[in-house]
Amino acid sequence: MMFAASAYAHHGWSWAEADQIELKGTIREISMAPPHPTLHVATETDGVWLVELGNPGRTEQSGFVEGIAKIGDPIVALGNRSLDPKEKRMKAVRITVSGKVYDIYPERIRTN
């Protein structure tokens, strides 16, 4: 199921809510593979979320490259969650890992 979700994710933002949320947790898994790097983030109250980043080039341009983050690092992700309330999945526009900010989609950020 996770693969299927990732497979259609790179076709825009239509699957995501317009409003943005902030998700706080700990990195449990990191993948820098195309079509989009992803993080699995464990929260204290809502389980594990799939956090999709931009395409590899856009993610790298933000400064978030392989080796920057590791499993167990604290993270805050700002982004748009799935329209399906049962799905713990979001498209991040900004992530903050161990206090360092990475603006993946700066033109989409709706807060400072």
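Positions are given from 1 along the sequence.
Looking only at side-chain heavy atoms (C-beta outward), Val97 and Phe64 come within less than 4.5 Å of each other. Proximity of Asn80 to Met90: side-chain heavy atoms (C-beta onward) are nowhere separated by under 4.5 Å.
The main-chain N or O of Ala16 is never found under 3.5 Å from a side-chain atom of Arg89 such that the two would form a donor-acceptor pair. For Arg58 (side chain) and Ile104 (main-chain N/O), a donor-acceptor pair under 3.5 Å exists by modelled atom type.
When all heavy atoms of Pro37 and Pro56 are compared, the closest pair comes out as CD-N, 3.9 Å. Contact between His36 and Asn55 at its shortest, heavy atoms only, is ND1-N, 3.3 Å. The minimum heavy-atom distance linking Leu53 with Ala92 is given by the pair CD2-CB, 4.0 Å. Annotation for Asp84 and Arg81: closest pair O-NH2, 4.2 Å, computed over non-hydrogen atoms. Minimum interatomic distance between Ser98 and Asp73 (heavy atoms only, all atoms of both residues): OG-CG, 3.7 Å.
No single ILVMFWY cluster, assembled from side-chain heavy atoms under 4.5 Å apart, contains both Leu39 and Val101. Linking ILVMFWY residues whenever their side-chain heavy atoms come closer than 4.5 Å, directly or via other members, places Val65 and Ile95 in the same cluster. Criterion: ILVMFWY side-chain heavy atoms under 4.5 Å apart, direct or through other members. Under it, Val41 and Val48 are not part of a common hydrophobic cluster.
Within a 6.0 Å sphere centred on CD of Glu60, other residues, nucleotides and ligands contribute 12 heavy atoms or fewer.
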Next item on the list: Determine, step by step, whether Val76 and Glu22 satisfy the side chain to side chain contact (heavy atoms under 4.5 Å, CB included) criterion, reporting the C-alpha distance in whole Å, the side-chain angles of both residues, the deciding distance to 0.1 Å, and the verdict.
Entry: CA-CA 7 Å; Val76 177; Glu22 190 174 85; 3.3 Å; yes
Note to self: Test side chain to side chain contact (heavy atoms under 4.5 Å, CB included) on His40 and Val51; report intermediate values, then the result.
What the structure shows: CA-CA 6 Å; His40 286 89; Val51 177; over 6 Å; no
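To the nearest 0.5 Å, atom CG of residue Asp103 and atom CZ of residue Arg108 are 14.0 Å apart.
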Would you give me the side-chain donor-acceptor pairs under 3.5 Å for residues 23-34, sequence neighbours excluded?
from	atom 1	to	atom 2	distance (Å)
Ser31	OG	Ala33	N	3.4

